[in-house]
S.K.: 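For reference, the structure I am asking about is given below.
Bear in mind the structure is a predicted one, so any value in this text is a computation, not a measurement.
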Amino acid sequence: LENEDIVVELIMNGKIVYDNLKKINKTEDWLKDKVHIKNLKDDPNLKSIILAYLDSKNNAHVIYKN
């Protein structure tokens, strides 16, 4: 993973980065849809996600804990 590949961090260590969502004019619902977090019952606090980010092509990527 190259630093220049990460344009906007969306979730870091299980926490949504609301300031970054606000900067890109997006909502929490958009985020959940974008990173395909459809069923939060299994992980309601997003603790299994180490990092979710957008790359320079506006693609979302999610890195989960092992």
S.K.: Does the K26 side chain pair with the main chain of L31, one donor and one acceptor, at a distance under 3.5 Å?
M.R.: no

S.K.: Among residues at least two apart in sequence or on other chains, which ones pass side-chain contact (heavy atoms from CB on, under 4.5 Å) with D19?
M.R.: none

S.K.: Of the non-hydrogen atoms in L51 and M12, which two are nearest, and what is the gap between them?
M.R.: CD1-CG, 3.9 Å

S.K.: Output all residues satisfying side-chain contact (heavy atoms from CB on, under 4.5 Å) with D55, sequence neighbours left out; order by chain, then residue number.
M.R.: Y53, K57, N59, H61

S.K.: Find the distance between CD1 (I49) and CD1 (I11) and round it off to the nearest 0.5 Å.
M.R.: 4.0 Å

S.K.: Report the distance from atom NZ of K15 to atom CD of E9, rounding to the nearest 0.5 Å.
M.R.: 15.5 Å

S.K.: Is N20 reaching over with its side chain to a backbone N or O of V8, donor-acceptor style, under 3.5 angstrom?
M.R.: no

S.K.: Answer yes or no: is there a side-chain heavy-atom contact under 4.5 Å between E28 and I16?
M.R.: yes

S.K.: Stepwise, does the side chain to side chain contact (heavy atoms under 4.5 Å, CB included) test hold for I50 with N13?
M.R.: CA-CA 4 Å; I50 295 173; N13 297 318; 4.2 Å; yes

S.K.: Please test I24 against W30 for side chain to side chain contact (heavy atoms under 4.5 Å, CB included), starting from the C-alpha separation and ending with a verdict.
M.R.: CA-CA 11 Å; I24 62 171; W30 170 88; 4.1 Å; yes

S.K.: So do T27 and L21 actually touch side chain to side chain, heavy atoms under 4.5 Å?
M.R.: no

